[in-house]
Amino acid sequence: MVHSILTSGSTYWPFKKYFEIYNRSIKDPEGFWSEEARKLEWFKTWDKVLDWNPPYANWFVGGELNASYLCVDRHVKTWRRSKVAIYWEGEPGDTRVLSYSTLYREVNKFASVLLNLGIKKGDRVALYLPMIPELPIAMLACARIGATHTVIFSGFSAQALADRVNDTGARLLVTADAGFRRGKPLALKRIADEALEMAPSVEKMLVVRRANIPVSMKPGRDAWLHEMMEKASLFVNPDPMDSSHPLYILYTSGTTGKPKGIVHGTGGYLTFNHSAYRWVFDIKEESIYWCTADVGWVTGHSSIVYAPLMHGAAIVLYEGAPDYPGIDRWWDIIEEYGVTIFYTSPTAIRMLMRFGEEPIEKHDLSSLELLGSVGEPINPEAWTWYYKHIGKEKCPVVDTWWQTETGGIMISPAPAIECPPLKPGSATFPLPGILADVVDEKGETMPPEERGLLVIKAPWPGMFLGVYGDPKRYVESYWSKFPGIYYTGDYAIRDKDGYYWILGRADEVLKIAGHRIGTAEIEDAVVAHPAVAEAGVVSIPDPVKGEAIVIFAILKEGCSPSPDLKAELKALIRKSIGPVASPEEIHFVSKLPKTRSGKIMRRILKAVATSASIGDLTTLEDESSVEEVKKIYEELKKEV
Ligand code: WTA
């Protein structure tokens with residue numbers, strides 16, 4: 001894979017292949033995407049490539065396919081049946097290697113278990129599992145019979161699990177006795193039991209034995225997976241699914257307290273990811289591909305399960321923490337399995353960077369061919385360290401920008417199609433078929449080097465089908481700011497060479513260690529405490545996690561601030577959301593700056609938290625009184 005880095009003075013025109021493909025894709029999107037879709041295997045070809053009725057897109061209308069067929073059956077018909085599909089490593093060091101034919105057998109049996117439990121096409125199945133092979137197996141088994149899976153990150157609390165399960169109305173929950181994290185079993189079954197007290201739609205719970213810890217099984221409701229697998233058939237037909245059949249629902253944070261169930265379809269989603277992973281990662285059947293994300297996030301769906309398995313690559317799946325038992329655990333895994341493509345987050349890179357090069361030098365990382373980054377902006381310093389010390393200056397680093405909603409990578413270098421040179425910290429250019437732009441509040445294109453809002457001006461096959469059970473929210477959150485245009489919620493600039501630099505969120509969503517958390521979700525959790533009257537949440541920059549959470553809380557009459565209260569609030573947040581939302585700072589204050597309509601002005605809180613000036617307040621005129629806001633700002637500064 002040829003790549004170079006753009007240094008000042010060097011020119012990059014023309015990079016014919018990328019621009020040729022890109023221009024063709026924009027000129028004739030339907031012709032372009034139908035060519036891409038033909039690279040999959042369809043049971044029935046579509047009648048129409050795209051039905052675009054803004055803001056609803058229907059891709060490959062009338063086409064039929066099956067995600068599980070594409071990820072396993074297709075390979076077992078070839079020599080790949082005997083090649084590795086999954087290299088799994090448990091945190092304690094236990095390992096499992098699954099060939100495509102083993103994966104095929106397990107997926108079929110699991111699908112049979114689902115059918116035996118009465119699960120049918122169209123049902124929702126919730127998966128609350130650690131990073132063990134049963135997680136991708138369960139996803140593919142659901143896809144095989146047309147049940148829509150919803151994976152819930154195993155770091156979420158019982159409450160967060162119950163909220164998501166309730167929103168989908170799932171009939172089955174799949175969990176494990178426990179998963180290992182930093183040497184200790186995390187008792188998932190126990191958390192699931194607590195969640196199911198609050199989730200009446202769930203009729204059955206299937207439990208994977210992973211850690212061999214004692215659990216209580218509720219008669220009539222709970223079943224062990226290994227017992228059910230013994231009675232399972234070895235073949236279940238991969239049912240043809242309509243191209244727009246919902247493959248999965250995945251919850252993500254937005255600007256209100258309630259997470260959104262992002263729904264992805266089948267044909268468009270798979271086509272888009274199949275193409276994007278070829279362009280960006282040059283993924284092939286011989287690749288040994290490791291994405292360190294948790295399957296609980298969208299990165300895990302597209303980058304661990306669907307895209308690499310469609311390509312017949314071997315994936316590495318690792319259960320535990322990056323620094324356990326030693327700081328070189330990841331480098332050890334790369335060496336052990338001969339990983340060729342490594343994909344991680346800027347937070348992880350910054351965390352590992354702090355330990356210097358010594359832990360790396362102990363390992364042979366020469367198998368690596370390409371490195372990727374995702375989830376948050378990567379600072380040029382971290383990019384350069386990654387390039388130099390992990391990739392030894394021979395692997396391109398692809399900074400890939402995308403979202404749960406986009407389903408797959410949208411803006412990224414694409415070394416496999418001769419993209420322009422890389423610039424450390426830039427996601428470079430949109431992938432073929434992606435009509436991106438940076439605009440002002442009115443939707444006008446911004447001049448180079450000026451910050452604006454990132455938008456996508458034409459439908460793409462990976463786009464989500466909607467917000468589960470909430471069509472209004474789909475339209476309002478994404479398509480109302482600029483009608484017919486997808487609003488990403490991110491700030492970006494395009495430099496004078498046309499390269500995109502993603503600057504972070506423009507809305508009330510935070511990115512903590514790459515995890516999306518809404519300020520409103522945290523505020524809701526905090527005000528649930530009997531001593532708290534009101535709360536406002538903002539973030540401050542964090543050298544490792546990118547952003548860290550700061551809470552401003554007003555206490556109720558008669559309640560006084562104390563370290564114990566802070567500890568209680570922290571515990572409450574862990575309980576209602578999970579440890580990912582733990583705050584860095586909590587400030588008890590007497591007032592919060594608000595607009596006339598009562599909306600908290602987070603910009604002012606942020607200025608207080610970061611000791612910045614509040615800048616120009618004239619634009620606030622119709623929101624609140626400038627004098628009043630200034631007064632509150634000064635008071636808060638003293639209180640904090
Ligand atoms: C941020 C993760 C800068 C962005 C796949 C986006 C990024 C949000 C990048 C989506 C990147 C993701 N550079 N920012 N390369 N990738 N983001 O839904 O703010 O968990 O809107 O999807 O992550 O987060 P999500």
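Both counts, for ligands and for their atoms, begin at 1 and track the order of listing. Hydrogens, waters and symmetry mates play no part in the numbers below; they use all other heavy atoms, side chains included.
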TODO: Counting heavy atoms only, name the option from R505, M410, H301, K511 that's nearest to atom 24 (O) of ligand 1.
DONE: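 It is K511 whose heavy atom sits nearest to atom 24 (O) of ligand 1.
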
- [ ] Run down the list W401, W402, Y500, Y491 and name the one with the heavy atom closest to atom 2 (C) of ligand 1.
- [x] W402

Counting each atom of ligand 1 from 1 as listed, which ones have a heavy atom of [X] under 4.0 Å away?
| X | value |
| --- | --- |
| T400 | 9 (C), 11 (C), 15 (N), 16 (N) |
| V374 | 5 (C) |
| V298 | 5 (C), 22 (O) |
| D399 | 11 (C), 13 (N), 15 (N) |

Which one holds for [X] and ligand 1: side chain close, backbone close, both close, or neither close, with close meaning a heavy atom under 4.0 Å?
| X | value |
| --- | --- |
| I378 | neither |
| T299 | side chain |
| Q403 | both |

Can you tell me which residue and heavy atom of the protein come closest to [atom], and the distance to 0.1 Å?
| atom | result |
| --- | --- |
| atom 13 (N) of ligand 1 | E376 O, 3.3 Å |
| atom 18 (O) of ligand 1 | T404 OG1, 2.5 Å |
| atom 1 (C) of ligand 1 | G375 O, 3.3 Å |
| atom 6 (C) of ligand 1 | D490 OD2, 3.1 Å |

Task: The single option from R516, K599, K606 passing salt bridge (Lys or Arg N to Asp or Glu O under 4.0 Å) against E508 - done: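 Considering R516, K599, K606, a salt bridge (Lys or Arg N to Asp or Glu O under 4.0 Å) with E508 is found only for K599.
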
Looking at [X] versus [Y], is the centre-to-centre ring distance below 6.0 Å?
| X | Y | value |
| --- | --- | --- |
| W460 | W33 | no |
| H149 | H301 | yes |
| F281 | Y343 | yes |
| Y499 | F429 | yes |
| F464 | Y269 | no |

TODO: Kindly say whether A416 contributes a backbone atom to a donor-acceptor pair with the side chain of Y18 at under 3.5 angstrom?
DONE: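 Absent.
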
- [ ] Mind checking the OG-OH spacing from S412 to Y500? Nearest 0.5 Å is all I need.
- [x]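 Reported value, rounded in 0.5 Å steps: 13.5 Å.
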
Open item on the list: If the contact criterion is a heavy-atom separation under 4.0 Å, does G489 count as touching ligand 1?
Closed with: no

Task: Enclosure of R574 CZ (heavy-atom neighbours >12, cutoff 6.0 Å) - done: no

Open item on the list: Tell me if the NZ atom of K388 is crowded by more than 12 foreign heavy atoms within 6.0 Å.
Closed with: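 It does not: K388 NZ has 12 such atoms or fewer within range.
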
TODO: May I ask you to check whether S373 has an N/O atom sitting below 3.5 Å from an N/O atom of ligand 1?
DONE: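 There is no such contact.
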
